[in-house]
Amino acid sequence: MKNLSHPRAGRRAMMGLAGGLTAMLALTACGANSDPQGETESAGPAGSIVVGSADFPESQIIAEIYAGALNGAGIEASTKPNIGSREIYYQAMEDGSINVIPEYSGNLLLLADPEATAASAEDIMAALPDALDAKSPDASLGVLEPSEAEDKDALVVTAATAEEYGLESIADLAEVCGEITIGAPSTFQERAYGLPGLKEKYNCEPGGFEALNDGGGELTLQALLNDDVQVADIYTTTPSIEDNDLVVLEDPEDNFIAQQVLPLINTDTVSEEAQNVLNEVSAQLTTEDLLSLNREVSGDEKRAPADAAADWLADKGLAG
């Protein structure tokens with residue numbers, strides 16, 4: 001696989017790709033098929049690009065942004081939202097039933113290579129092409145230019161819990177880890193940055209674990225506020241952190257590594273023209289944008305991801 005990642009610092013040039021768009025089949029065996037946010041779920045006609053998303057709102061928003069930008073540039077695209085966890089949608093990328101999905105650089109690297117040690121944004125981008133080749137030698141997968149937008153997993157506590165235990169960092173948490181219950185997606189139990197990482201880097205083995213599979217959403221928030229769990233895995237761009245005066249524990253050992261938002265693509269079915277469009281999205285997407293978009297979709301407005309994405313594209317001049 002050619003190295004497609006090319007950070008704006010100019011470390012490496014974009015490799016042109018000859019492969020044009022090919023006919024794609026509807027995704028039929030990749031997990032959840034529900035569409036709670038109101039997007040039109042379609043694999044699209046033959047020759048179109050299918051943009052998938054994970055099972056949480058931010059991923060759905062970015063997928064709608066990608067598809068909207070492609071359609072605005074005259075490249076036919078549709079979305080397949082809410083596929084499931086990283087492990088599930090990666091299989092959909094491998095089998096070609098989706099062509100593009102929003103990803104987070106560090107977690108994608110750890111999926112491809114659980115033994116990877118890269119932590120900085122640049123080191124992760126440098127390691128990704130070889131890691132993807134090694135994991136999926138028969139699939140033409142690549143990453144495009146990373147955005148400045150970043151959204152990391154974080155361990156979050158209430159202000160009351162932080163005061164009770166004197167918590168400012170995960171290192172502080174390690175001293176009382178046996179007394180607390182962590183709430184997080186079930187995959188947190190096996191992923192390198194989850195329970196294994198907490199044990200390895202902080203010698204923290206929680207007294208309990210509660211599987212909360214809503215991507216750090218309302219279920220997780222209520223479990224934390226009700227003290228059903230004392231620590232929760234919540235993404236750093238989640239509006240509920242600020243809205244509820246929650247405390248994000250510092251991570252001095254970099255258990256949660258850099259997580260730039262970027263497109264993971266099938267290089268055989270996403271043309272160079274389409275890649276350029278997606279790179280333009282990455283050039284404009286910021287962490288502040290994610291915070292604002294998440295608030296629109298997950299806050300009181302409860303906007304559909306497609307509507308929030310359309311307004312963002314219009315504001316950035318990418319609506320066509």
Side-chain angles (χ1 to χ4, degrees), residues 24-45 48-72 75-104 107-108 111 141 144 147 149 151 185 187 212-220 235 237-239 259 261-266 269-270 274 277-278 281-282 285 289-290 292-299 301-313 318-319:
M24 301 307 298
L25 298 177
L27 181 61
T28 58
C30 293
N33 290 320
S34 60
D35 183 17
Q37 299 295 335
E39 297 90 344
T40 299
E41 187 174 323
S42 170
S48 70
I49 293 176
V50 182
V51 184
S53 84
D55 53 356
F56 58 94
E58 181 174 283
S59 181
Q60 296 166 25
I61 295 167
I62 302 170
E64 293 292 343
I65 287 175
Y66 287 172
L70 290 168
N71 282 315
I75 301 169
E76 191 168 8
S78 59
T79 58
K80 183 71 179 182
N82 201 30
I83 294 172
S85 69
R86 176 168 289 106
E87 291 80 0
I88 295 172
Y89 67 66
Y90 190 87
Q91 292 176 13
M93 288 295 302
E94 287 183 313
D95 68 29
S97 48
I98 59 174
N99 314 110
V100 180
I101 197 160
E103 256 295 4
Y104 299 85
N107 286 345
L108 177 60
L111 175 73
L141 302 184
L144 298 182
S147 68
D151 186 4
T187 52
L212 300 168
N213 293 305
D214 68 332
E218 187 65 23
L219 179 65
T220 299
Y235 298 118
T237 58
T238 304
Q259 301 292 352
V261 175
L262 78 174
L264 174 65
I265 69 166
N266 184 311
T269 57
V270 179
V277 172
L278 295 172
V281 170
S282 291
L285 186 65
D289 289 333
L290 294 184
S292 177
L293 289 163
N294 282 330
R295 187 176 296 281
E296 291 179 38
V297 171
S298 299
E301 287 187 72
K302 302 297 182 187
R303 298 193 72 194
D307 293 340
D311 285 350
W312 185 89
L313 289 166
L318 298 174

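Of all heavy-atom pairs between Ala308 and Leu293, the closest is O-CD2, 3.7 Å. Pairing each heavy atom of Gln60 with each of Asp55, the nearest pair is NE2-C, 4.1 Å. A pairwise comparison of heavy atoms in Tyr89 and Ala54 identifies CE2-CB, 3.4 Å as the closest pair.
Partner of Glu64 under the side chain to side chain contact (heavy atoms under 4.5 Å, CB included) criterion, out of Asp307, Thr79, Leu313, Val51: Thr79 alone. Here the options are Thr238, Thr237, Asn294, the test is side chain to side chain donor-acceptor pair (under 3.5 Å), and the partner is Asp151; only Thr237 passes.
A donor-acceptor contact shorter than 3.5 Å links the side chain of Asp214 to the backbone of Thr220.
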Problem set entry | side chain to side chain donor-acceptor pair (under 3.5 Å) assessment of Glu87 paired with Thr187 | CA-CA 9 Å; Glu87 291 80 0; Thr187 52; 5.2 Å; no
Exercise. Where do Trp312 and Glu296 land on the side-chain contact (heavy atoms from CB on, under 4.5 Å) test, with the steps shown first?
Worked result: CA-CA 11 Å; Trp312 185 89; Glu296 291 179 38; over 6 Å; no
Exercise. side-chain contact (heavy atoms from CB on, under 4.5 Å) between Glu103 and Leu262: does it pass, once the steps are laid out?
Worked result: CA-CA 5 Å; Glu103 256 295 4; Leu262 78 174; 4.1 Å; yes
Problem set entry | Stepwise side-chain contact (heavy atoms from CB on, under 4.5 Å) check, Leu290 with Ile62 | CA-CA 9 Å; Leu290 294 184; Ile62 302 170; 4.0 Å; yes
For this session: Just do the side-chain contact (heavy atoms from CB on, under 4.5 Å) check on Ile49 and Thr269 with the steps written out, would you?
Result: CA-CA 8 Å; Ile49 293 176; Thr269 57; over 6 Å; no
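With respect to the salt-bridge test (charged N to carboxylate O, under 4.0 angstrom), the residues Glu301 and Arg295 do not qualify.
How far CG of Asn266 is from CD of Glu94: 10.5 Å, rounded to the nearest 0.5 Å.
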